[in-house]
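Numbering of residues begins at 1 and proceeds along the displayed sequence.
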Amino acid sequence: MDRNSVIGLLLIGAIMVAFTVMNQPDREALEKEKKEQAIKDSIEAVKKSENTAAAAILPNSPDSGISAESFSSRLGAFASAGLGNSEDFVLENESVKITISSKGGVPKQIELKKFQTWEKQTLNLFEADSSRFSFSLPAQNANIETDALYFEKNNQSTNNKLILACHVDSMHSFQYSYELQPEGYNFSFKADFKNLGNLISQDVKALPLNIHYTGMRQEKNVQNERNNTTIYYRDLQEGDVDKLSPLESSTEQVEKSLEWIAFKEQFFTLALIADNGIESGANLSTATPATGDAYTKSMEAELRLLTSAGNSTVSLNFFSGPTQYNLLKDQGHDLHNLIPLGWGIFGWVNKLIVIPAFKFLGKFNLGYGLVILLLTIYIKLILLAFQYRSYLSQAKMRVLKPEIDEINKQYEGGDAMQKQQAVMGLYREAGVNPLGGCLPMIFQIPVLFAMFSFFPAAIELRQKGFLWADDLSTYDSIIDLPFEVPFYGDHVSLFALLMTISTILYTRMNNQLSAGSSEMMPGLKWMMYIMPVIFLFVLNSYAAGLNYYYFLANIITFAQQFAFRKFVDDKKIHEKIQQKKNQPKKASKSSFQQRLEEMAKAKQAGKK
């Protein structure tokens, strides 16, 4: 392992540290956001109570304090539809259970039946107590919020189809239709306002829809869950998928038409796809709750849904289920881009190599501890040729070490450029590439970063245990600390410790193997040992599956290095190098060598 290889490794480590640090939340900014959000939550609570009190409490209730006249003035011609009794209707299949309330005619609760929270409780993706879904009808005097009105079940409803009608008066009504697919997590929604006549504006081309979605805590690591919760959306014209920053509270007005928006949590998503599109100017915002860990983020969307041929009818298709790559890909509309698999080549490594292999291995019900082991072996086999070339280059540099030392003595205290030119001449005669040990390792960087993105996003690992880890999708803990260590956490991850120890041992082994090839500066040697300790702090709260993979990769690398040492003979390499040096020299030189010689000549000319 020569100096160039060490520098290459340091650059790789610097990139990893920079990548990780850039993806860590700013603690001071989060605290500031919490204080600001506390004020915002108080203001929003007051506004909400003012806007919905009339519809929430019947005017003839002794506790309402609201007169019938005031109630009527708020709802106008819709006042009679604001009175009624709340009733629940259920649409259900093997995967999802949707409870729809007669008040507002919208989902009251969406339960994912195949999943549980980290506390083994029922997993509800949407709850009316903390979320809101309401059209804002442009009536004559004021906008009417539909979540304040009552609906009745239509006789045409079936087991998987629900039709609700809101009767404004004897002549005017509007209708909601829900249809749940027999399998999976999809259901359709249609709102038909054609029969309202002149009660709403006749020239409505886009109907306002207000959504308040509060993400409920589902995972053990609530901070990591918050860092993966935000609003995604897709451009209707260009098809680009974008999102609000998940690491901070954000507000954005999207100045382009949209095909869909999605309220994406770490492992679950509620996405709504508009058949006719969403008008430009959508207002989107996210905010972290000021206190408590019961909720991850509150997300707001003020949309204007384009109507079908201008007839006051809108159609939506909902996906309410797990954020699993193959499942989302089957949905179409690029919903699979909700999963952060890494940008550029890192994402392609995951899509083309890692995910297909992971899916194939998962079919055999081997347990995900064994699946990760087999996946690691598969990846290491793909990289085997690169690692062998790197080891072979180190061996060549090792056998040339005595001759390089002679050159160093010859030019000691002399011209550094001439010494470098002499060293490059030796490499050229021996047919050795000084960068041969670094370049193969660079090809491993995409896999390294791909895994860094893949494991924290793999829902297949959620609540799947292995050894002492009860959930490979989050951190494992063998000791829960009574305090929090800055940048480390309040627990001790054994997989992170094993990863760090194996990395230090691997570094020591490499230093021993390269001891005869180059003299590494003491500072660089210490840096090689400090880097794994830094990663220990970074990865202590990351997915146990990720640390387990890195640990296995190190163990397999040990085995490969010992195999290389057994089959690669330094004496034979030295003999081949000497034979190469004795062969007739070609007149051609590499461009790199030519530049070195030109620089040396220019420097000598300058001195003269």
Side-chain angles (χ1 to χ4, degrees), residues 95 112 114-116 118 120 123 218-221 224-225 228 266-268 321-330 336 338-342 346-384 387 444 446-478 493-500 502-503 539-560:
S95 302
L112 303 186
K114 295 182 179 180
F115 298 92
Q116 291 182 319
W118 69 286
K120 307 301 181 184
L123 196 153
Q218 318 286 8
E219 312 303 328
K220 178 180 177 181
N221 191 339
N224 188 52
E225 190 176 5
N228 287 278
Q266 182 178 3
F267 290 125
F268 303 97
T323 310
Q324 198 268 343
Y325 181 82
N326 292 299
L327 178 61
L328 291 178
K329 192 171 180 63
D330 291 341
H336 62 279
L338 292 170
I339 303 177
L341 295 176
F346 311 129
W348 285 112
V349 169
N350 274 324
K351 294 174 183 178
L352 299 179
I353 298 176
V354 179
I355 291 178
F358 191 75
K359 179 183 177 182
F360 173 76
L361 294 172
K363 292 179 179 179
F364 298 97
N365 297 320
L366 302 174
Y368 278 96
L370 184 56
V371 166
I372 294 175
L373 171 60
L374 295 176
L375 178 67
T376 309
I377 295 174
Y378 168 68
I379 296 297
K380 298 299 284 186
L381 286 175
I382 292 176
L383 299 174
L384 181 61
Q387 291 174 327
Q444 302 179 50
V447 175
L448 191 68
F449 281 126
M451 293 301 184
F452 190 82
S453 299
F454 170 75
F455 281 104
I459 191 174
E460 293 87 349
L461 299 179
R462 185 178 184 270
Q463 297 180 356
K464 298 297 190 298
F466 179 67
L467 298 178
W468 58 86
D470 55 4
D471 188 344
L472 288 169
S473 70
T474 187
Y475 63 83
D476 61 294
S477 177
I478 56 169
S493 168
L494 182 54
F495 274 129
L497 280 175
L498 291 174
M499 179 275 301
T500 302
S502 62
T503 304
L539 297 176
N540 186 61
S541 295
Y542 269 71
L546 176 66
N547 286 314
Y548 174 50
Y549 167 80
Y550 285 152
F551 169 68
L552 290 175
N554 285 337
I555 298 300
I556 295 174
T557 302
F558 290 150
Q560 288 178 340

Task: Distance in Å, Leu383 CG paired with Ile556 CD1, rounded so as to fall on 0.5 Å steps - done: 11.0 Å
TODO: Tell me whether the centres of the aromatic rings in Phe466 and Tyr548 are closer together than 6.0 Å.
DONE: yes
Open item on the list: Between Lys220 and Tyr475, is there a side-chain heavy-atom distance shorter than 4.5 Å?
Closed with: yes
- [ ] Compute the centroid of each ring, for Phe551 and then for Phe495, and state whether the two points are separated by less than 6.0 Å.
- [x] no
- [ ] Just do the side chain to side chain contact (heavy atoms under 4.5 Å, CB included) check on Leu375 and Val354 with the steps written out, would you?
- [x] CA-CA 8 Å; Leu375 178 67; Val354 179; 4.3 Å; yes
Task: Asp470 side chain vs Gly465 backbone, donor-acceptor pair below 3.5 Å - done: no
Task: Pairwise side-chain contact, Leu341 with Ile355, heavy-atom cut-off 4.5 Å (strictly under) - done: yes
Open item on the list: Taking the side chain as everything from C-beta on, heavy atoms only, tell me whether Tyr325 gets closer than 4.5 Å to Asn350.
Closed with: no
Task: Side-chain donor-acceptor contact under 3.5 Å, Thr474 with Asn221 - done: no
Task: Non-hydrogen atoms of Leu374 and Leu361 that approach each other most closely - done: CB-CD1, 3.8 Å
TODO: For Ile353 and Ile379, run side chain to side chain contact (heavy atoms under 4.5 Å, CB included): C-alpha distance rounded to whole Å, both residues' side-chain angles, the deciding distance at 0.1 Å, then the answer.
DONE: CA-CA 9 Å; Ile353 298 176; Ile379 296 297; 4.0 Å; yes
Task: Any donor-acceptor N or O pair under 3.5 Å, side chains Ser473, Lys464 - done: no
TODO: Taking all non-hydrogen atoms of both residues into account, name the closest pair between Ala496 and Asn540 and its distance.
DONE: CB-CA, 4.1 Å
Task: Euclidean distance, Phe267 CZ relative to Gln463 CD, rounded to 0.5 Å - done: 9.5 Å
Task: Flag, side chain of Glu460 to backbone of Gly362, donor-acceptor distance under 3.5 Å - done: no
TODO: Search all heavy atoms of Phe115 against all heavy atoms of Leu123 and return the closest pair with its distance.
DONE: O-CB, 3.7 Å
Task: Shortest non-hydrogen contact between Glu219 and Arg462, atoms and distance - done: OE2-NE, 2.8 Å
Task: Working for side chain to side chain contact (heavy atoms under 4.5 Å, CB included), residues Lys380 and Ile382 - done: CA-CA 5 Å; Lys380 298 299 284 186; Ile382 292 176; over 6 Å; no
Open item on the list: As an exercise, state the distance from OG of Ser502 to CZ of Phe558, rounded to the nearest 0.5 Å.
Closed with: 5.5 Å
- [ ] Kindly indicate whether the side chain of Ile459, heavy atoms from C-beta on, has any atom under 4.5 Å from the side chain of Phe268.
- [x] yes
Open item on the list: Please report the interatomic distance CD(Gln324) to NZ(Lys359), rounded to the nearest 0.5 Å.
Closed with: 8.0 Å
Open item on the list: For Tyr378 together with Phe360, are the ring centres under 6.0 Å from each other?
Closed with: no
Open item on the list: Would you compute the distance between atom OG of Ser453 and atom CD1 of Ile339 and round it to the nearest 0.5 angstrom?
Closed with: 12.0 Å
- [ ] Using a 4.5 Å cut-off on heavy atoms from C-beta on, say whether the side chain of Leu327 contacts that of Pro322.
- [x] yes
Open item on the list: Taking the side chain as everything from C-beta on, heavy atoms only, tell me whether Met499 gets closer than 4.5 Å to Tyr549.
Closed with: no
- [ ] Measure from the side-chain N and O atoms of Asn228 to the backbone N and O of Asn224, and report whether any donor-acceptor pair falls under 3.5 Å.
- [x] yes
TODO: Report yes if the side chains of Phe452 and Leu539 come closer than 4.5 Å at any heavy-atom pair, otherwise no.
DONE: yes
Task: Nearest-0.5 Å distance, CG of residue Asp476 to CG of residue Leu467 - done: 10.0 Å
- [ ] Taking atom types as modelled, find out whether Gln218 and Glu225 have a side-chain donor-acceptor pair closer than 3.5 angstrom.
- [x] no
Task: Thr503 versus Asn554, side-chain donor and acceptor atoms under 3.5 Å - done: yes
Open item on the list: To check you understand the geometry: which heavy-atom pair defines the closest contact between Pro456 and Gln266, and what is its length?
Closed with: O-NE2, 3.7 Å
TODO: Flag yes if more than 12 heavy atoms outside Trp348 fall under 6.0 Å of its CH2 atom; otherwise flag no.
DONE: no
Task: side chain to side chain contact (heavy atoms under 4.5 Å, CB included) assessment of Phe358 paired with Leu461 - done: CA-CA 11 Å; Phe358 191 75; Leu461 299 179; 3.9 Å; yes
TODO: Report yes if some heavy atom in the side chain of Leu328 is under 4.5 Å from a heavy atom in the side chain of Thr323; otherwise report no.
DONE: yes
Task: Smallest separation among heavy atoms of Met451 and Leu546, with atom names - done: O-CD1, 3.4 Å
Open item on the list: Checking Trp118 against Asp471: is there a side-chain donor and acceptor pair closer than 3.5 Å?
Closed with: no
